[in-house]
Amino acid sequence: MGHHFKKLLRCISGKTRLVRQNNQLIPEVELTGPALLPKVIIARYFMDRIQPGGQIIFRSDDIDIPWEMEHMCNRLGHDLMEVGREGKTYFFTLRIRGREDRLPLQDPYRLRLSPQNTIETIDVAPPGRLDGPSGLPAGPRRLLDE
């Protein structure tokens with residue numbers, strides 16, 4: 001079962017790119033997958049591969065994803081730094097915290113949805129320009145194991 005799950009995540013990770021924000025490159029992952037696989041499971045898989053202090057951006061057009069991301073960050077103690085929206089697509093910027101640095105768990109019934117900033121994205125790289133030999137973004141550290 002684990003082998004099939006890794007193979008599925010490698011397929012999904014083909015929709016990953018690097019985004020430059022504040023003079024750093026941040027991986028941006030599109031949360032797509034089979035209907036029965038919750039998007040937060042895919043997000044958690046990638047979050048577990050980011051070093052503490054690192055950032056990751058998730059994008060999704062699922063209408064329930066803002067609440068799911070809010071609750072997942074609350075449960076895991078990571079920072080939900082920014083929520084952006086372009087049309088029907090949501091963008092979530094998270095900062096990963098180490099185990100000893102996690103935020104305290106809040107009452108889930110008192111959580112408020114983070115405000116959504118209206119954003120406009122522009123893709124300036126030609127297709128395939130950021131892709132490495134395996135189809136994943138080129139860079140010093142890969143998100144998935146071989």
Problem set entry | Which atom of Arg97 lies closest to which atom of His78, heavy atoms considered | N-ND1, 3.0 Å
For this session: Applying side-chain contact (heavy atoms from CB on, under 4.5 Å) between Phe58 and each of Val29, Val40, Ile42, report the one that passes.
Result: Val29
Exercise. For Tyr90 and Pro66, which heavy atoms make the closest approach, and how far apart are they?
Worked result: CE2-CG, 3.6 Å
Problem set entry | Closest non-hydrogen atom pair, Gly98 against Pro52 | N-CB, 3.6 Å
Seminar exercise, completed: Residue set satisfying side chain to side chain contact (heavy atoms under 4.5 Å, CB included) with Leu105, at least two apart, ordered chain then number -> Asn74, Arg75
Problem set entry | Spacing of CD1 belonging to Ile119 relative to OG1 belonging to Thr89, to within rounding of 0.5 Å | 9.0 Å
For this session: Please list, chain by chain and in numerical order, all residues satisfying salt bridge (Lys or Arg N to Asp or Glu O under 4.0 Å) with Glu68, sequence neighbours excluded.
Result: none
Exercise. Can you name the side-chain hydrogen bond (donor to acceptor under 3.5 Å, both in side chains) partners of Arg44, sequence neighbours left out?
Worked result: Asp48
Exercise. Any chance the side chains of Thr16 and Glu30 put a donor and an acceptor closer than 3.5 Å?
Worked result: no
Exercise. Going from CZ on Phe46 to CD1 on Ile56, what distance comes out if it is rounded to the nearest 0.5 angstrom?
Worked result: 7.0 Å
Problem set entry | side chain to side chain contact (heavy atoms under 4.5 Å, CB included) against Glu28, all qualifying residues, sequence neighbours excluded | Arg17, Val19, Ile57, Arg59, Phe91
Seminar exercise, completed: Here the salt bridge (charged side-chain N to carboxylate O under 4.0 Å, His left out) pairs for residues 107-119, sequence neighbours left out, are Asp107-Arg110
Seminar exercise, completed: Nearest heavy-atom approach of Lys39 to Leu31 is CE-O, 3.3 Å
Seminar exercise, completed: Applied to residues 83-96, the salt bridge (charged side-chain N to carboxylate O under 4.0 Å, His left out) test, sequence neighbours excluded, yields Asp79-Arg95
Problem set entry | Point-to-point distance, once rounded to the nearest 0.5 Å, from CD of Gln51 to CD1 of Ile96 | 10.5 Å
Exercise. Going from CZ on Phe92 to CD1 on Ile65, what distance comes out if it is rounded to the nearest 0.5 angstrom?
Worked result: 5.5 Å
Problem set entry | Nearest heavy-atom neighbours spanning Ile26 and Gln55 | CD1-OE1, 3.2 Å
Seminar exercise, completed: Nearest heavy-atom approach of Leu94 to Cys73 is CD2-SG, 3.5 Å
Exercise. Is Met47 linked to Ile41 within one hydrophobic cluster, defined over Ile, Leu, Val, Met, Phe, Trp and Tyr using a side-chain heavy-atom separation of less than 4.5 Å?
Worked result: yes
Exercise. Any idea how His71 and Trp67 line up, ring-wise: parallel (<30°), tilted (30 to 60°), or perpendicular (>60°)?
Worked result: tilted
Exercise. More than 12 heavy atoms of other residues, nucleotides or ligands under 6.0 Å from CD of Glu120: is that the case?
Worked result: no
